Amino acid sequence: MTPADLSAAVLAAVSQSLAEGDFTGTAPAEVVIERPRNPEHGDYTTNVAMRLAKPAGKPAREVAAAIAARLAAVDAITKVDVAGPGFLNITLAPDALGQVARTIVEAGPSFGTGDALAGQNLNLEFVSANPTGPVHIGGARWAAVGDALARLVQANGARVTREYYVNDAGSQIERFARTLREVANGRPVPEDGYAGSYIDDIAAAVLAQNPGLLDLSDDQQLEVFKRDGVDQMLAEIKSSLADFGVVFDVYFRESDLHARNELDLALKRLRDQGHVFAADGATWLRTTDYGDDRDRVLVRSNGEWTYFAADCAYYLDKRERGFDKVVIMLAADHHGYINRLRAMATCFGDNPGETLDVFIGQLVNLVKDGEPMRMSKRAGNVIVLADLVDAIGADAARYALVRYSVEQGIDIDLDLWARRGNDNPVYYVQYAHARLASLQTHAAELGIVRSAEPDLGLLTHDREVDLLGALGEFPRVVASAAELRAPHRVAHYLESLAGTYHRFYDACRVLPMGDEPATELTHARLWLCEATRIVLANGLALLGVTAPERM
RNA sequence: GCCCCCGUAGCUCAGUGGAUAGAGCAGUCGCCUUCUAAGCGAUUGGUCGCAGGUUCGAGUCCUGCCGGGGGCACCA
């Protein structure tokens, strides 16, 4: 009996109580089943009686007692206690609890998936670093978190498109191209240009691609550097993301919005909706009608589009492509955009609560030798994604970036995450998986094959019960991590599960010693171990981190 | 001035209104004659920034204040 099964059983008991008049009220949509912290409180606990008490007009303990009486009739349940203010503490029969291992092994890679988000078509936009330089550390955080989130919502049944917005149409591209041209001609980097060694590489690559380029006029050169420079830069960005294990489905170019006149279309739509006005020679969107603290310019008085106008067109484009939810991940220094984006969606006639989900992540700092690394674009010492992967590896980098709540600003200590030791959380989890894989190899060498009909009721040791309980939590963790857009919950769960497993390993010998034969308990524990390995592997996969067979 | 995030053990952080607030690291003391010691056990360590409020119940929700970080363009 998994927590989901138990939840259904409790709900059935509640419905029965309501039908037969134990108390009055309406059945909840869902009964939340939790693992009690204190093992004396049974295998599972629920506060459903306390939630029903008020509408029922009865003391919570009385409601709990009525539900408990009905639950006692369920075979898999051996004990139901009413405790404290009205908790129901439930103890399962050993065999019922042990069946969790079978459920997991039979589900394999699909254990933990669900259909909570089935039918949703999501567009996840993240990273979107300007194609004027490599992906820096902040973009790396989004790459790790965004990709994990994509995997999470997919695991819950949603359709997902990972999208990268390429800002290839603004004045920064102009500066980028000019920088490349000046460097290629052996002239100094312009005052407002880009610094960094990558500039030399890109300039050289464009020259190699276009023999005789330097014989053209400055203006002609600029066009080539603009076009091929962006392409070269984008190729480098894609390559560094691929090394990080992140692959986007769509690279959407801002220039395409302009080429297809989508900004005009968006402006027309917004005008038709009655939210556009003219002032001071510019064209504005009245975002203050919907919660923004000032109105926003769409067309400047010099006739040029603003970046915000492109944002509007881009949002409209996504909606026209059939996405019913547009998720945009921004860095903390862009938090002021939330209100204007929501207001813009409302101006289009959407309900941003349903169609738009903007969320922001706090900044990342790197720490080396105990000192924060001060980075400056001008000095060209910005730490980029590729450097991070070189320094600590893709697994540690992804794990380090996804392990913390995005609402938390983080310091990544390069020394710690490069270490191959137990103070490095990613190794702690991976080690548990490697130990399990090794154990299976060893079992195979001994000629032990997991029996098809194990007696899982033999898994009654405290450490076995702990492990079964922890394993059963995985689907709930995956569902809530997706719902709350909080991939870090998966990482924390895995660390906790790894610890529970290590303690089991220490207390419970799995394989027979010496010449001893394999027993029923051996087989039951092999099922438990395989279930644990599957959950660790599935969880690491959700984070985009490998589950090594050996370390 | 306004807006966003944070404040929980010495450090880094978990904790979607529930029972005695947790983990890792650091410290101390133990455990390798058989499945990976990259592990495990024990132990030390807390006025959950402060003050009010909401309710059966607040680290969690609300208000104010204090402290730290980041923002507030007809830039992109």
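None of these values were measured; they are calculated from a predicted model. Residue numbers begin at 1 in each chain, while the letters A, B, ... track the order of the sequences.
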Rounded to the nearest angstrom, tell me the gap between atom OH in Tyr493(A) and atom P in G22(B).
20 Å
Of the listed C35(B), C74(B), G39(B), the closest approach to the Ala282(A) side chain comes from C74(B)
Applying a 4.0 Å non-hydrogen cut-off, can you work out what Asn89(A) is touching in the nucleic acid: base, sugar-phosphate, or nothing?
base
Classify the side chain of Asn47(A) versus the base of A19(B) as yes if they form a donor-acceptor pair under 3.5 Å and no if they do not.
no
Any-strand Watson-Crick or G-U partner of C32(B), both distances under 3.5 Å:
none
For Arg340(A) and C72(B), give me the distance from atom CZ to atom P, rounded to whole Å.
9 Å
Only pairs with both distances under 3.5 Å count, Watson-Crick or wobble alike; so what is the partner of A9(B) in this structure?
none
Write down the distance between CZ (Arg35(A)) and P (G18(B)), rounded to a whole number of angstrom.
17 Å
Can you check whether any acceptor in the base of C75(B) is under 3.5 Å from a donor in the side chain of Ser171(A), or vice versa?
no
Regarding the side chain of Leu511(A), the nearest nucleotide among C35(B), A38(B), A19(B) is C35(B)
Paired to C2(B) by Watson-Crick or G-U wobble criteria (both distances under 3.5 Å) is G71(B)
For Glu549(A), which contact category applies under a 4.0 Å heavy-atom criterion: base, sugar-phosphate, or nothing?
base
Indicate, with a heavy-atom threshold strictly under 4.0 Å, whether Asn38(A) touches base, sugar-phosphate, or nothing.
base
Does the side chain of Leu222(A) reach to within under 4.5 Å of the side chain of Glu174(A), using non-hydrogen atoms?
yes
Of all the choices, G71(B), C35(B), C74(B), which nucleotide is nearest to the side chain of Trp284(A) once you look at every atom?
C74(B)
Residue pairs passing the side chain to side chain donor-acceptor pair (under 3.5 Å) test with at least one member in residues 522-535 of chain A, sequence neighbours excluded, are His433(A)-Arg533(A), Gln440(A)-Glu530(A), Glu464(A)-Arg525(A), Thr519(A)-Thr522(A), Glu530(A)-Arg533(A)
For atom C1', what is the distance between G68(B) and G49(B), given to the nearest Å?
11 Å
Using a strict cut-off of less than 4.0 Å between a Lys/Arg side-chain nitrogen and an Asp/Glu carboxylate oxygen, indicate whether Asp506(A) and Arg503(A) qualify as a salt bridge.
no
Please examine the side chains of Leu511(A) and His442(A), heavy atoms only from C-beta on, and report whether any two atoms are closer than 4.5 Å.
yes
Once you round it to whole Å, what is the distance between C1' of A26(B) and CG of Asp413(A)?
13 Å
Starting from the 5' end of RNA chain B, give me the residue, Gly336(A) or Glu304(A), whose nearest nucleotide shows up first.
Gly336(A)
Between atom CD1 in Ile338(A) and atom P in C4(B), what is the gap in whole Å?
9 Å
Not counting sequence neighbours, list each pair that qualifies as a ring-ring contact (aromatic ring centres under 6.0 Å, His included) and has a residue in residues 463-483 of chain A.
Phe474(A)-Tyr493(A)
Basic-acidic side-chain contact under 4.0 Å: Glu473(A), Arg35(A):
no
Establish, yes or no, whether the cationic atom of Arg286(A) lies under 6.0 Å from the six-membered ring centre of Phe277(A) and within 45° of the ring axis.
yes
5' priority, RNA chain B, between Leu439(A) and Ile360(A) [closest heavy atom]:
Ile360(A)
I want to know whether His461(A) and Phe504(A) have ring centres closer than 6.0 Å.
no
Whole-Å gap separating P (A19(B)) and CZ (Arg51(A)):
12 Å
May I ask you to decide if the ring planes of Tyr290(A) and His275(A) are parallel, tilted or perpendicular, using 30° and 60° as cut-offs?
perpendicular
Please encode protein proximity along nucleotides 10-16 of chain B as a string of B, S and -, counting only heavy-atom distances under 4.0 Å.
--SSSSB
What integer number of Å spans the C1' atoms of C61(B) and C75(B)?
39 Å
Would you indicate what Asn339(A) reaches in the nucleic acid, counting non-hydrogen atoms under 4.0 angstrom: base, sugar-phosphate, or nothing?
nothing
Strand partner of A14(B), provided both Watson-Crick or wobble distances fall under 3.5 Å
none
Stacking of Tyr431(A) on G39(B) base (centres under 5.5 Å, planes under 30°):
no
With a 3.5 angstrom cut-off on both distances, give the Watson-Crick or G-U wobble partner of A26(B), or none if there isn't one.
none
Side chains of Tyr194(A) and Gln172(A), heavy atoms from C-beta outward: is any pair under 4.5 Å?
yes
From A73(B), G41(B), A19(B), nucleotide with atom closest to Arg294(A) side chain:
A73(B)
Under 4.0 angstrom, heavy atoms only, what part of the nucleic acid is Ala83(A) near: base, sugar-phosphate, or nothing?
base
Is C13(B) syn or anti, taking syn as a glycosidic angle within 90° of 0?
anti
Using atom CG of Asp295(A) as one end and atom P of A73(B) as the other, report the distance to the nearest whole Å.
14 Å
For the ring pair (Phe, Tyr, Trp, His ring centres under 6.0 Å) test, which of Phe126(A), Phe359(A), Tyr164(A) pairs with Trp142(A)?
Phe359(A)
Just N and O in the side chain of Tyr505(A): are any of them under 4.0 Å from OP1 or OP2 of C32(B)?
no
Pairing partner of G57(B) (Watson-Crick or G-U wobble, both distances under 3.5 Å)
none
Gap in Å between the two P atoms, one belonging to C50(B) and one to A58(B), rounded
16 Å
Among U36(B), C40(B), U55(B), the one nearest His502(A) by side-chain distance:
C40(B)
Just compare C74(B), G70(B), G39(B) and give me whichever is closest to any side-chain atom of Leu363(A).
G70(B)
Check the distance between C74(B)'s C1' and Leu298(A)'s CG and give it to me in whole angstrom.
11 Å
Could you tell me which nucleotide pairs with A37(B) by Watson-Crick or G-U wobble geometry, both distances under 3.5 Å, or answer none if nothing does?
none
Sticking with atom C1', work out how far G22(B) lies from C48(B), rounded to a whole angstrom.
12 Å
Donor-acceptor pair under 3.5 Å, His335(A) side chain vs G70(B) base:
yes
Could you tell me the Watson-Crick or G-U partner of C48(B), where both distances fall under 3.5 Å? Say none if there is no partner.
none
For A14(B) versus G24(B), give the span between their C1' atoms, rounded off to a whole number of Å.
10 Å
Just checking Glu495(A): base, sugar-phosphate only, or nothing, at a heavy-atom cut-off of under 4.0 Å?
nothing
